[in-house]
Amino acid sequence: MPELPEVETIATGVHRQLRGDTILSVWFSRYREPFKTPPDEMAAALCNRRIRQVRRVGKHIVFDLEPTPQASASFRPRIQWTVHLGMSGRLLIATPRSPEMRHTHAVLHLGSGRELRFVDPRRFGRLSLEPGDFQGPGTEPLAVSLADFTALFRGRKLSIKAALLNQSLLHGVGNIYADESLFRAGIRPTRPAGRLTRAELGRLRTALRAVLRAAIRAGGSSVSDYVDAEGSKGFFQVQHRVYGCKGKPCRVCGMPIRRIVLAGRGTHFCPRCQE
DNA sequence: ATACCGACCTGTCAGC
DNA sequence: TGCTGACAGGTCGGTA
């Protein structure tokens, strides 16, 4: 389940491998779900583009594209192709001889002879064409100042957990890192976001940045493995302290970790350490 | 405007 | 063994 650290790791890996490569032709599956832009329009815009940069914005992977010298002069100079992996989306760099996995929904044929494949069994992923200034829906959690972070939650009645998941506030935080950062900050997920003290918001911002950075470091150690081949190895190196730990003793106080449903999501916390 | 909830999807796994 | 149902969750659209 790709959240900010996973998307960052994938974007970095794809950037390293594909920067400077060109898109010659594109194939899309028949499923319409992955396309926020009509497939024909997207295919026409992607062909004869050079990959200038691949990076992460929120949970989106953004391909900055520029025309190849051969492209017609009517091409817009710069466009962006964005990939959202949803729950189960993957990007694979393959050769034409690599067997095609089930649920492959897009294949970009590249000038180097390689292929970039988008595989997404559950089809929650989305592909989109952007005019060239894609910003994402919310604020970047790794760059937000304390003042801006505090302002995001002011006056809000929804739970802090739901607020962290709201991509139009902060983008990039998903269920795992919401739970993990709330645990590290000692804040119960059910607390109304607007009722948190300045001190608590400060702890939460610090915890969120720390856990995201640690996860990026962990994922970063196996970037090429992920992009090349099967695994999502790197992402399991992260030590979860509450997520998926229902009933296990809290690492700090020993109380059993509780699981409730909040904002429609499984939510994990320590009933003693988080108040 | 804000908040909440079901729908969308398929693979996995517990339980029978 | 093979089946059934619950569960996983990012995002969107409908509703209060």
Side-chain angles (χ1 to χ4, degrees), chain A residues 1-11 28-38 56-62 82-92 100-106 117-130 134-141 151-182 189-196 208 211-212 215 230-232 235-236 238 240 242-248 257-269:
Chain A
M1 45 202 91
E3 299 181 31
L4 185 153
E6 291 75 29
V7 176
E8 171 107 6
T9 301
I10 293 162
F28 291 127
S29 75
R30 294 176 177 278
Y31 292 113
R32 297 203 63 81
E33 289 88 338
F35 306 107
K36 292 179 84 170
T37 306
R56 177 193 64 78
V57 175
K59 290 178 197 168
H60 298 259
I61 300 166
V62 178
T82 65
V83 176
H84 193 298
L85 298 172
M87 284 296 300
S88 60
R90 295 172 58 186
L91 285 177
L92 303 176
E100 182 168 297
M101 294 183 66
R102 282 187 68 185
H103 309 296
T104 297
H105 296 306
R117 301 179 182 176
F118 172 66
V119 180
D120 185 15
R122 289 169 68 179
R123 311 214 300 259
F124 284 2
R126 293 292 180 265
L127 310 177
S128 177
L129 213 56
E130 303 290 335
F134 183 76
Q135 296 294 322
T139 303
E140 193 50 54
L152 287 175
F153 305 111
R154 193 168 294 141
R156 298 202 173 262
K157 294 195 168 86
L158 80 175
S159 67
I160 185 61
K161 165 77 182 256
L164 286 172
L165 294 178
N166 185 336
Q167 300 296 295
S168 64
L169 298 177
L170 288 172
H171 60 194
V173 182
N175 202 39
I176 295 172
Y177 296 104
D179 281 5
E180 292 296 321
S181 60
L182 285 167
T190 48
R191 294 269 305 281
R195 294 289 187 82
L196 297 186
L208 181 59
V211 71
L212 291 174
E230 302 311 298
S232 46
F235 310 147
F236 297 113
V238 181
H240 297 148
V242 286
Y243 182 82
C245 298
K246 175 187 172 186
K248 293 181 188 166
I257 299 299
R258 279 185 59 191
R259 179 189 184 277
I260 60 173
V261 175
L262 183 61
R265 295 291 169 261
T267 298
H268 313 73
F269 67 97

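We name chains A, B, ... by the order of the sequence lines, and we start the count at 1 in each one.
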Dump every N/O contact between nucleotides 3-6 of chain B and the protein below 3.5 Å, one line per pair.
residue, atom, partner, partner atom, Å
B/dA3, OP1, A/K157, N, 2.9
B/dA3, OP1, A/L158, N, 3.4
B/dA3, OP2, A/R156, NH1, 3.1

Whole angstrom is fine here: how far is it from [atom1] in [X] over to [atom2] in [N]?
X: A/R123; N: B/dA7; atom1: CZ; atom2: P; result: 18 Å
X: A/I176; N: C/dC7; atom1: CD1; atom2: P; result: 18 Å
X: A/R90; N: B/dG11; atom1: CZ; atom2: P; result: 13 Å
X: A/M101; N: B/dT10; atom1: CE; atom2: C1'; result: 13 Å
X: A/L165; N: C/dT11; atom1: CG; atom2: P; result: 9 Å
X: A/H268; N: C/dC7; atom1: NE2; atom2: C1'; result: 11 Å

List the steps, then state whether ring-ring contact (aromatic ring centres under 6.0 Å, His included) holds for A/H105 with A/F28. CA-CA 6 Å; A/H105 296 306; A/F28 291 127; over 10 Å; no

Tell me whether the OP1 or OP2 atom of [N] has a side-chain N or O from [X] closer than 4.0 Å.
X: A/R259; N: C/dA8; result: yes
X: A/Q167; N: C/dT11; result: yes
X: A/H171; N: C/dG10; result: no

From [atom1] ([X]) to [atom2] ([Y]), nearest 0.5 Å:
X: A/F118; Y: A/S29; atom1: CZ; atom2: OG; result: 9.0 Å
X: A/Y177; Y: A/L208; atom1: OH; atom2: CG; result: 11.0 Å
X: A/R117; Y: A/T104; atom1: CZ; atom2: OG1; result: 6.5 Å
X: A/H60; Y: A/E130; atom1: NE2; atom2: CD; result: 8.0 Å
X: A/F134; Y: A/L129; atom1: CZ; atom2: CG; result: 12.0 Å

Does A/K161 come within less than 4.0 Å of A/D179, counting only side-chain N to carboxylate O?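 Salt bridge present between A/K161 and A/D179.
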
Can you give me the bend angle of the helix from B/dT2-C/dA16 to B/dC16-C/dG2? Use the axis through the first five pairs and the one through the last five, nearest 10 degrees.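 The value is 40°.
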
As a test of reading the structure: which of B/dT10, C/dT11, C/dA8 is closest to the side chain of A/H103, going by heavy atoms?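 The answer is B/dT10, which lies nearest to the side chain.
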
Would you find more than 12 non-hydrogen atoms of other residues, nucleotides or ligands less than 6.0 Å from A/R191 atom CZ?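 Atom CZ in A/R191 is crowded, with more than 12 foreign heavy atoms closer than 6.0 Å.
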
Tell me if the side-chain of A/R122 makes a donor-acceptor pair with the base of B/dC9, cut-off 3.5 Å, by modelled atom types.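 Answer is yes: a donor-acceptor pair is held.
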
Using residues 164-173 of chain A as the side-chain source, report each donor-acceptor pair under 3.5 Å to any protein atom, sequence neighbours left out, with the distance given to one decimal.
residue, atom, partner, partner atom, Å
A/N166, OD1, A/S168, N, 2.9
A/N166, OD1, A/S168, OG, 2.7
A/Q167, OE1, A/G172, N, 2.9
A/Q167, NE2, A/L165, O, 3.1
A/Q167, NE2, A/V173, O, 2.9
A/H171, ND1, A/G138, N, 3.3
A/H171, ND1, A/G138, O, 3.4
A/H171, NE2, A/E140, OE1, 3.0

